[in-house]
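What follows is a single structure, written as structure tokens, with notes after it.
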2 protein chains.
Amino acid sequence: MDPSDATPSAELGFDVFAARCTSRATMETITSRWGALTLAALADTPMRFGELRRRIGGVSEKMLSQTLKQLEAGGLLTRTVVSETPLAVEYALTDAGQQVAAAIMALIDTVYRVQPAVDEARSA
Amino acid sequence: MDPSDATPSAELGFDVFAARCTSRATMETITSRWGALTLAALADTPMRFGELRRRIGGVSEKMLSQTLKQLEAGGLLTRTVVSETPLAVEYALTDAGQQVAAAIMALIDTVYRVQPAVDEARSA
DNA sequence: CGGCATCCGAATGGATACTG
DNA sequence: CAGTATCCATTCGGATGCCG
């Protein structure tokens, strides 16, 4: 069997097409509006809250905070208090987070590649 | 420069981190709740509406219909009326859609790979 | 079969103000 | 700096009914 096959009943028994599979929840977390961008932003280097906020155009504090919590709960990133006064917190990807982020980066690259075609389709 | 680098100002000038870049809209369309699953479902073979609906656990008719329209508008898939009576419509990925779907499949495989760690993190 | 139109409650998400 | 709390508008998304 092709190891890159993502059809149902993959080697490990997960199936994103099944509504109740836990992998579905993970998929929704990482492909959420800000989840993917947050992971991509942290792919290169750990960042602080404010840095992330400036880097990801259009996120509100609320959404970034919420997204970070979800990713942390899923074990994709860690939250570390670097300094108390002034308060400084650093967010960094875990191993699992790095793997997912790499896949997200590849997806983003693909988007860049097809974007001219997409723009063309929309204007037509 | 690493060609797989997805940081801002990639070779083609797109930047998903910029709120107004058209690539951001594309990213949101394909990473939307049902967009990613729809593309993945069509990666192997074209499908009819009902087949897609049954394949993607939990989609409502309304949402699937809406998602298909968005993907079609972005030139990622085509809608073809195969038969009039009874009405039969087939959805198939375009070249651009195939490229994106391949990246989504890779992401799904990555999710499967890290899912045990994610489940572990959530239960802990 | 493959939709679209409408209604409506629930969830999402932004702006603003405030806190340790 | 790094959030939290609140308010409010928009959107999501299921249910229902109808149509070609």
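Every chain is numbered from 1, with letters handed out A, B, ... down the list of sequences. What's counted below: heavy atoms across the whole structure, side chains too, no hydrogens, waters or symmetry copies.
For the pair B:L52/B:L42, a side-chain contact is recorded, criterion being any heavy-atom separation below 4.5 Å from C-beta on. Side-chain contact between A:I104 and B:L107 is present, with at least one heavy-atom pair separated by less than 4.5 Å. For the pair A:L68 and A:F49, the minimum side-chain heavy-atom distance is below 4.5 Å. Side-chain contact check for B:I56 versus B:T38: some heavy-atom pair is nearer than 4.5 Å.
The list of side-chain hydrogen bond (donor to acceptor under 3.5 Å, both in side chains) pairs with a residue in residues 59-68 of chain A, not counting sequence neighbours, is empty.
For residues 58-74 of chain A, proximity to DNA chain C is found at A:S60, A:E61, A:K62, A:M63, defined as any non-hydrogen atom under 4.0 angstrom from a strand atom. If you check residues 46-54 of chain B against DNA chain C, the residues with a heavy atom closer than 4.0 Å are B:R48, B:F49, B:G50, listed by number.
A:R33 places no side-chain N or O within 3.5 Å of a backbone atom of B:E28 that could act as its donor or acceptor partner. Side-chain N or O atoms of B:T110 include none that pairs as donor or acceptor with a backbone N or O of A:Q99 at under 3.5 Å.
In the helix from C:dC1-D:dG20 to C:dG20-D:dC1, the rotation axis of the first five pairs and that of the last five pairs differ in direction by 50°, rounded to 10 degrees.
Put simply, A:Y91 has a side-chain N or O that comes within less than 4.0 Å of OP1 or OP2 on D:dG3.
Going from atom CG of A:L77 over to atom CG of A:L39 covers 7.0 Å, rounded to the nearest 0.5 Å. Here the SG atom belonging to B:C21 is positioned 11.5 Å from the CE atom belonging to B:M27, to the nearest 0.5 angstrom.
Minimum heavy-atom separation, A:V82 to A:E90: CG2-CB, 3.7 Å. Minimum interatomic distance between A:A43 and A:A101 (heavy atoms only, all atoms of both residues): CB-CB, 4.0 Å. Among all heavy-atom pairs drawn from A:G35 and A:L71, the shortest one is O-CD1, 4.2 Å. A:G75 and A:A96 make their closest contact through O-CB, 4.3 Å (heavy atoms, listed as atom of the first residue, atom of the second, distance).
Nucleotides of DNA chain C with any atom under 4.0 Å from a heavy atom of chain B span, from 5' to 3', C:dC1 to C:dC7.
A:Q115 and A:D119 are linked by a side-chain donor-acceptor pair at a separation below 3.5 angstrom, with hydrogens and angles left out of the test.
Ring geometry for B:F14 versus A:Y112: interplanar angle under 30°, hence parallel rather than tilted (30 to 60°).
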Distances under 3.5 Å between nitrogen or oxygen atoms of protein and nucleotides 18-20 of chain D:
none

